[in-house]
Structure formats: C-alpha cells, structure tokens
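Okay, so here's the structure we're looking at.
Reckoned from all heavy atoms, side chains included, excluding hydrogens, waters and symmetry mates. In this chain, numbering begins with 1 at the start of the sequence shown.
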Amino acid sequence: MVDNMLRYVFTGVGLLLFVLPTFAQDLFPVRPNTNEASAAPTMMMQQEIDRGSRIDSLWTIRRPRRDALGQEQGTQGSFERPDEIETDRDSFTPAVTTVARHRTILESAYTFTDFRHGGEGHSFPELLVRYGLTDRWELRLGWNYEIAGIPALDGEGAALPDEGGKEFGNRVTYGSKFRLTEAEGWMPGSAIILAGATPTGGPATDTHFIATYVFGWEFANRWKLDASFRYGTGSEEEDRFNEWAPSLVLKVPIGEKINTHVEYFSIFSTGKEEAIRAHYFSPGVHFLVTENFEIGVRVAWGLNEQATNFFANAGIGWRF
C-alpha cells in the first residue's frame with residue numbers, strides 16, 4: 001500500500017509540474033515594458049539581476065538578458081551552456097539539453113552494486129557516444145557489460161531492482177534524443193529519448209524499447225529542477241512485462257566547477273508475474289575539469305525491500 005501511495009503521489013506531482021506552467025502563462029501573462037527609459041536597468045539593478053536576490057534565487061525562472069530595446073543579449077536563461085559540457089550520466093534523470101550541432105560527447109562509467117539479499121554486481125564501461133546532427137537532434141550509441149545483475153532500463157548506468165545472482169552479459173543500445181521545447185518563463189525545457197537495446201552476449205536474446213521524457217527549469221541562482229518519466233519493455237524467460245521509472249532531481253552548483261544533486265527515483269513494473277516495486281534516494285557530485293571534460297560520482301540507497309541495498313557509480317564525460 002505504501003509503494004502504491006508513493007507512486008500515485010509522485011505521478012500526481014509530476015503531472016502538476018508539467019501542466020501548471022501552461023496555465024500559468026495564461027493566468028499571469030507578462031506585459032512588455034514599452035517605456036525604453038524605465039526599461040534600462042541601472043548598474044546596481046543589473047548586478048542584482050545577474051546575482052539573483054535571496055528570495056528570487058529560489059523562485060525566479062531564468063530568462064535571457066535583454067537590452068532596453070528588448071533585444072536578447074546572451075543565453076543566461078537557456079538550459080544549454082554553449083561553453084560547458086552537460087552529460088546524461090550525472091544522474092538517473094537525463095539532462096534536458098542535447099549535444100550541439102556537429103559535436104560529440106563520450107560518456108563512460110563503472111557501477112558497483114551491493115544486493116540486499118546477498119552478492120554484488122559490476123557494470124562497465126557504460127559507454128555512450130552522443131553526436132549532434134542538429135542543435136535539437138542527437139544520435140546515440142552505447143555498449144555495456146553487466147555481471148550478476150539485470151540490465152538497467154536504458155543501459156546507461158541506472159540502478160536495478162534487487163536481483164543478484166544473474167549473469168546478464170553485454171548489450172548494445174542505440175537511438176536518438178530530441179529537444180522538444182525551450183525554457184521560456186514558467187514553460188519548462190523538455191526532451192525525449194527513444195532507444196533500443198539488443199543483447200550481444202549472455203543468456204538474454206530479446207531486444208527492448210525504451211522511451212524517456214524529461215523536462216525541467218533553471219532558476220536565477222543556477223539551481224535546476226528536472227523530472228523524467230521512463231518506459232521500457234522487459235522480459236524474463238517467458239514473462240513479458242512493462243517497466244516504468246519516474247524520477248525527480250534538484251541540481252545545486254557550488255562555484256563554477258562543482259555541481260551537486262539530490263534525487264529520488266523509482267522502478268516498478270506492470271504485467272510482470274512477480275511485480276517490481278523499488279524506490280531509491282541518490283545524491284551525487286561532479287567536477288568540471290575543463291569546459292569539455294568532467295568527472296562525477298553518485299551513490300544510491302534502496303528505500304524498500306525490493307530495491308538494491310546500495311550502489312556507487314563513478315564516470316567521466318568528454319566533449320569534442
């Protein structure tokens with residue numbers, strides 16, 4: 001009953017976060033300032049805008065800076081930072097951004113899993129190559145090998161239900177990511193990932209489909225709140241079922257080089273003979289070595305009996 005209540009509450013909150021911005025724009029329209037003299041901020045005002053006040057830092061959605069004539073002067077309000085890499089592997093919730101046109105991001109990681117009912121698992125190299133065909137559309141190709149576990153929903157380092165003792169083998173993942181909307185006021189930025197996963201070794205033979213929808217906001221102090229809903233097909237011997245994974249992550253920067261996050265996510269199944277109900281809490285941190293290279297670590301603890309007891313993930317991201 002507790003698992004069902006958590007799932008319903010989380011799903012309701014996620015839907016509210018998704019629907020509310022659409023109505024908020026209609027209920028509270030932004031009226032442009034036609035007075036050019038009053039529209040130009042003083043030096044002190046501009047510093048407050050750039051820095052964000054103590055109150056506005058948590059609740060003001062970032063927008064591009066504009067001059068007195070209303071023309072955009074940069075990408076302060078954009079989720080994508082042109083000079084800074086942002087990977088999908090930093091958290092269970094993928095990033096809202098896509099890879100820039102004709103650029104490539106390579107991601108790789110290792111995950112150690114401590115199963116609640118005995119045994120341990122290893123997952124590596126969790127390789128994912130992302131190439132930007134356009135500024136809104138990227139291609140994705142990955143490969144991974146897993147020991148003493150079952151594959152994650154997307155094959156990119158997600159946590160697992162507690163099923164130690166199964167040697168899965170390896171598989172290749174492939175697909176695309178599309179950026180759907182840009183952040184504008186209370187309207188969130190959003191993207192969708194469509195992918196397939198095919199085993200290339202081990203006892204599993206079924207190819208599975210995974211779809212992920214992610215949306216989020218960036219606030220005036222550079223905090224980010226992202227949420228995602230993930231769906232995937234699954235199989236276990238003759239049992240065919242569906243897997244769902246909602247998630248919510250708050251990302252908080254510390255200075256210009258360090259980013260931290262706290263995250264909740266769950267994995268549950270429908271149509272499975274023995275249903276999956278797994279809940280997790282996961283903090284993490286990643287360090288920007290250069291604008292094109294980052295390293296990151298995240299851990300997670302299972303919150304119920306069906307969840308993995310603990311896992312730790314460490315990896316890198318490289319843009320070129």
Residue among Arg101, Arg179, Arg103, Arg130 satisfying side-chain hydrogen bond (donor to acceptor under 3.5 Å, both in side chains) with Glu138 = Arg130
Kindly confirm or rule out a cation-pi arrangement of Arg230 over Phe265, judged by NZ or CZ under 6.0 Å from the six-membered ring centre and within 45° of its axis?
->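 Geometry flag: not set, cation outside 6.0 Å or 45°.
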Would you mind reporting whether Arg116 and Glu305 have side-chain heavy atoms less than 4.5 Å apart?
-> yes
Heavy atoms, side chains only, cut-off 4.5 Å: are Leu141 and Val172 in contact?
-> yes
Parallel, tilted or perpendicular: ring planes of [X] versus [Y], cut at 30 and 60 degrees:
{"X": "Tyr231", "Y": "Trp244", "answer": "tilted"}
{"X": "Phe320", "Y": "Trp318", "answer": "tilted"}
{"X": "His122", "Y": "Tyr110", "answer": "parallel"}

Can you check side chain to side chain contact (heavy atoms under 4.5 Å, CB included) on Ile276 and Phe268, steps first, answer last?
-> CA-CA 5 Å; Ile276 298 171; Phe268 61 92; 5.5 Å; no
side-chain contact (heavy atoms from CB on, under 4.5 Å) partners for Val299, two or more places apart = Pro283, Trp301, Phe310, Ala312
Residues two or more places apart in sequence or in another chain: which of them pass side-chain contact (heavy atoms from CB on, under 4.5 Å) with Ile192?
-> Phe178, Leu180, Leu194
Do Val249 and Ile193 share a hydrophobic cluster, counting only Ile, Leu, Val, Met, Phe, Trp and Tyr and linking them when any side-chain heavy atoms are less than 4.5 Å apart?
->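 Per the 4.5 Å side-chain linkage, Val249 and Ile193 are not co-clustered.
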Classify the side-chain pair Thr93/Asp226 by whether it contains a donor and acceptor separated by less than 3.5 Å.
->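 On atom types as modelled, these side chains do not qualify, holding no pair under 3.5 Å.
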Thr104 and Val99: CA distance, side-chain angles, deciding distance, side chain to side chain contact (heavy atoms under 4.5 Å, CB included) verdict = CA-CA 7 Å; Thr104 301; Val99 182; 5.8 Å; no
Which pair of heavy atoms, one from Glu126 and one from Ser123, lies closest together, and at what distance?
-> OE2-OG, 2.8 Å
Which value, rounded to the nearest 0.5 Å, describes the distance between Arg319 atom CZ and Thr290 atom OG1?
->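 Atom-to-atom, Arg319:CZ and Thr290:OG1 are 8.5 Å apart.
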